[in-house]
Amino acid sequence: MKRVRLSRLCGFLSLILLAVALQGCGKKANPIPDDNRDRFSWTGSNMMVLPNGCLTVNATLSGNVANMTDVVLELQPLQPDNTCAGCPFAPTERGEFAESAVRGHPEVNTIRLNYCPQEKAPSYRWRLVGINIHKRFPYALTPTQTFVVREEPEIEHAPFYLP
């Protein structure tokens, strides 16, 4: 009888140990909050070059924009011989901006930021990263885009002759 109790006890303890050990199996990522009321997302973005060679980015947002704390511009300068469209995005420059510095009126869901790249290039791959005040939410990313700097064509002047 003692032997039966001991074997049942060992079996029961083995099941409990197995259940505790299996709790660690499965998905290993941090949980993402489901509350979409605290999220925001990008709805559009574009880039232009300023006359001084700096870049300006305009973007629009939707959702709970009040929860955005910072905006990061990630930039990858491309040289003429390196325009690989299928290559992974590998930014070499980052511009970090406080939300208050890039947004105009708090009720308007647009931002504008100016950034002077360290490395001038004929084209850039770029994206914006929006950081939520709630650290558990994932970053809001724009799609990676390619911007080609268009040089203004020089106007050739005809020689001027006095009669």
Side-chain angles (χ1 to χ4, degrees), residues 24-163:
C25 295
K27 192 173 181 180
K28 298 288 184 194
N30 288 334
I32 297 173
D34 291 331
D35 192 1
N36 288 329
R37 293 176 297 180
D38 289 330
R39 291 182 183 224
F40 61 89
S41 61
W42 302 101
T43 55
S45 60
N46 64 34
M47 180 179 278
M48 297 180 295
V49 66
L50 297 173
N52 63 359
C54 294
L55 305 171
T56 185
V57 176
N58 296 304
T60 55
L61 297 133
S62 66
N64 194 345
V65 181
N67 284 349
M68 183 174 66
T69 60
D70 296 307
V71 178
V72 177
L73 171 65
E74 296 182 331
L75 195 68
Q76 177 185 6
L78 298 174
Q79 298 307 320
D81 58 341
N82 182 19
T83 57
C84 178
C87 295
F89 179 55
T92 57
E93 294 186 37
R94 286 174 53 97
E96 297 183 14
F97 303 88
E99 178 270 338
S100 59
V102 295
R103 266 184 75 207
H105 195 274
E107 295 176 9
V108 179
N109 292 344
T110 61
I111 66 158
R112 169 176 263 164
L113 57 93
N114 294 329
Y115 179 76
C116 295
Q118 300 295 317
E119 181 183 341
K120 302 289 186 193
S123 60
Y124 299 93
R125 291 179 73 196
W126 66 281
R127 75 175 173 195
L128 291 175
V129 180
I131 300 173
N132 198 308
I133 194 169
H134 302 294
K135 300 301 180 199
R136 289 254 184 215
F137 282 104
Y139 295 150
L141 304 173
T142 62
T144 302
Q145 302 174 52
T146 301
F147 173 70
V148 177
V149 177
R150 297 202 193 318
E151 302 262 338
E152 292 294 322
E154 291 187 27
I155 301 171
E156 287 193 29
H157 299 284
F160 182 82
Y161 296 103
L162 290 172

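What you see is a predicted model; the values in this text were computed from it and never measured.
Rounded to the nearest 0.5 Å, atoms CG (L128) and CZ (F97) are 9.0 Å apart. Expressed to the nearest 0.5 Å, how far OG of S45 lies from CG of N58 amounts to 9.5 Å. Rounding to the nearest 0.5 Å gives a distance of 9.5 Å between CH2 of W126 and CG of L75. Taken to the nearest 0.5 Å, the CZ atom of R136 stands 14.0 Å off from the CG atom of D38. Separation of atoms CD (E99) and CG (L113) is listed at 12.0 Å; rounding is to 0.5 Å. Atoms CD1 and CG, from I133 and N64 in turn, are 9.5 Å apart once rounded to the nearest 0.5 Å.
For the pair N52 and K120, the tightest heavy-atom approach, listed with the atom from each and the gap, is O-NZ, 4.4 Å. Here the closest heavy-atom approach between residue C87 and residue R125 is recorded as O-NH1, 3.0 Å. Between W42 and V129, the shortest heavy-atom contact is CZ2-C, 4.2 Å. Residues N132 and R39 share a closest heavy-atom pair of ND2-CA, 4.1 Å. Of all heavy-atom pairs between A140 and S41, the closest is CB-CA, 4.4 Å.
Here the side chain of T144 pairs no donor or acceptor atom with the backbone of R127 at under 3.5 angstrom. Side chain of Q76 to backbone of A90: a donor-acceptor contact under 3.5 angstrom is found. Between the side chain of E93 and the backbone N or O of E119 there is at least one donor-acceptor pair closer than 3.5 Å. Although no hydrogens or angles enter the test, the distance criterion places no donor-acceptor pair under 3.5 Å between the side chain of D70 and the main chain of I131. With S62 contributing its side chain and T43 its backbone, the two residues share no donor-acceptor pair below 3.5 Å.
For the pair E74/V72, a side-chain contact is recorded, criterion being any heavy-atom separation below 4.5 Å from C-beta on. Proximity of L55 to L73: side-chain heavy atoms (C-beta onward) are nowhere separated by under 4.5 Å. You'll find the side chain of F147 reaches within 4.5 Å of the side chain of V49, heavy atoms only.
Between T56 and N114, the side chains place a donor N or O and an acceptor N or O closer than 3.5 Å (distance only, hydrogens not considered).
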- Under the side chain to side chain contact (heavy atoms under 4.5 Å, CB included) rule, what do V57 and V71 come out as? Steps first, then yes or no, please. CA-CA 11 Å; V57 176; V71 178; over 6 Å; no
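For F89, the CZ atom is densely surrounded, since the number of other residues' heavy atoms within 6.0 Å is greater than 12.
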